[in-house]
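Here's the structure we're looking at; comments come further down.
Every chain is numbered from 1, with letters handed out A, B, ... down the list of sequences.
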Protein chains: 2
Amino acid sequence: MVERDGVRSKGQQDETRDPRAVLALLWGEQEQPTRGPKPKLTPRRIAAAAAELADREGLDAVSMSKVAGGFGVSAMALYRYVPGKTELVELMVEEVMGEGPEMPESGEDGRWREAVRAWTRQCADVYAAHPWLLTATALRRRALGPRQLRWLDAALAALEPTGLDGAQRHRVFLLLIGLVRNVAQQQADHEEEQSAEWDRLAADLLARHAERFPALTKAIADGAFQPDGIDPLEFGLDRILDGVEAVIGGRE
Amino acid sequence: MVERDGVRSKGQQDETRDPRAVLALLWGEQEQPTRGPKPKLTPRRIAAAAAELADREGLDAVSMSKVAGGFGVSAMALYRYVPGKTELVELMVEEVMGEGPEMPESGEDGRWREAVRAWTRQCADVYAAHPWLLTATALRRRALGPRQLRWLDAALAALEPTGLDGAQRHRVFLLLIGLVRNVAQQQADHEEEQSAEWDRLAADLLARHAERFPALTKAIADGAFQPDGIDPLEFGLDRILDGVEAVIGGRE
DNA sequence: CCTAAACTGTTTATGTCGTCAGCAGTAGGC
DNA sequence: GCCTACTGCTGACGACATAAACAGTTTAGG
């Protein structure tokens, strides 16, 4: 168990919070003031510190006071830079997304598989480095920052040589993040502290109810859940690429 | 915005909470007492009420006191049936999973595509009916209940005719829930209340930064994000099935 | 039958959280 | 130099999960 991640909104408003506020924040589109004392912080620095805290202690550990404490200021000071916690989490996501993937020179048609592969691997790396991303992005209707858009743009660009239309490219993109996120969740589970204990209990439970789950029992006997050197990410990626290839091939 | 979902664990222990407790709860493996007053509730009924509340008002609205209030008892009464909120959420998930998918008669080899398709559609239906499932299952190291296992078992069974080995079947299963969850998230986003407002703001933002996201701009002009009658679930499913087919075909 | 143990639900209390309101100090523009 | 926009702070509030102690209820065992 330990550190299960979670984000709440609490209270009741949040409905009144202006969508434009967080967008302006994400896109850096707000005029900064000239008068008054020099600000000690910036939204960026706050988000970076919060992300680091989440890396270290999980998303649950990210509270306004803890983040503020890291800067030696009071919790309420943060509200001068960030409308609320929800927005802070979105800034954290954006922060951690980095500058986007580094893509190989696309070149000719045949190389699109490599490009998509590169995109997927790098995206998976981000999720692996920041397990809380999974929970943080499981919220509804997140605001899109420029960095998230850059990732999306890169994926769509990599898919251009396939000749798929825009809608199809977008759907392939959805398949890819779905894969990445799912593999990330799997890995996060496995790296959990008491993972071995849970596995043992589950195995025991399954053994006692084997007849209720014949296919599962058979699959386990056949090597499921045993690490076999094949990365689930690579396997899934190959399946998706093959599937895309089938569409292309079937059409021309 | 409104009702963003979230689950927390709070306090600090939870590390001390016995994994066997929640497993016994999920599997109904606890001897019930004979002495003392008749219990007013059961874990099942509590979980069902909590799930209904989550359906109506979102996972955030599920608090111990609200759930207890629905039964006319105090919040602390629930702790006689459930170790804590974390475990309640796991019971909610299990509750909502139902009896598992109804699978067609598998019959001969050729029908496995239909079986997998049926599984995926039904799984997607569950997620569509209970949007909070996405958040509730985004936690780390969830305990597996019999119903979740039944879904897993059914998927693996549907994949048996493919001739894939156990590890591969498991990986295909991962691809499938990845797809289902991702599509569910997409749809939840779209059904959000102020969805149109967000779309408008995003479009405006993108128009102003079009040159930074050429592929995205092109894709949108090419019909991405426009509903075109093709269900993203079906599209993804076809790609995955084609990918699986490619493995089978390539091997024999 | 009667008592003690097991079990029920309740009240009270603690600590953490996000966030509102109001304050005192600061610094640039007039 | 003063007004004003800004800073960060303290205090308060309500919601939450949950620990602890208690009072009432049922049944098993003598």
Among [options], which is the nearest nucleotide to the side chain of [X]?
X	options	value
B:Pro39	C:dT8, C:dG28, C:dA21	C:dT8
A:Pro33	D:dA17, D:dT7, D:dT10	D:dT7
A:Ser74	C:dA27, D:dT10, D:dT18	D:dT10
B:Ser63	D:dC16, C:dC17, C:dC20	D:dC16
A:Tyr81	C:dT10, C:dG18, D:dT7	D:dT7
A:Pro37	C:dG9, C:dT11, D:dC6	D:dC6
B:Arg80	C:dT10, D:dT7, D:dA28	C:dT10

**Asked** Is the B:Trp27 ring parallel, tilted or perpendicular to the A:His209 ring (thresholds 30°, 60°)?
**Response** tilted
**Item:** Contact nearer the 5' end of DNA chain D, comparing A:Val73 with B:Ala61
**Value:** A:Val73
**Asked** Taking 4.0 angstrom as the limit, do B:Glu29 and A:Arg208 come out as a salt bridge?
**Response** yes
**Asked** Is any side-chain N of the basic residue among A:Asp204 and A:Arg200 closer than 4.0 Å to the acidic one's carboxylate O?
**Response** no
Distance check needed: [N] [atom2] versus [X] [atom1], whole Å only.
X	N	atom1	atom2	result
B:Leu78	C:dG9	CG	P	9 Å
B:Gln32	D:dT26	CD	P	18 Å
B:Met76	D:dC16	CE	P	15 Å
A:Asp60	C:dT16	CG	C1'	12 Å

**Asked** Do the side-chain N or O atoms of A:Lys38 get closer than 4.0 angstrom to the phosphate oxygens (OP1, OP2) of D:dC6?
**Response** no
**Prompt:** Does some side-chain heavy atom of B:Arg181 sit less than 4.5 Å from a side-chain heavy atom of A:Arg181?
**Reply:** no
**Request:** Under 4.0 Å between any heavy atoms, over every strand shown, what does A:Ala77 touch: base, sugar-phosphate, or nothing? Just pick one.
**Result:** sugar-phosphate
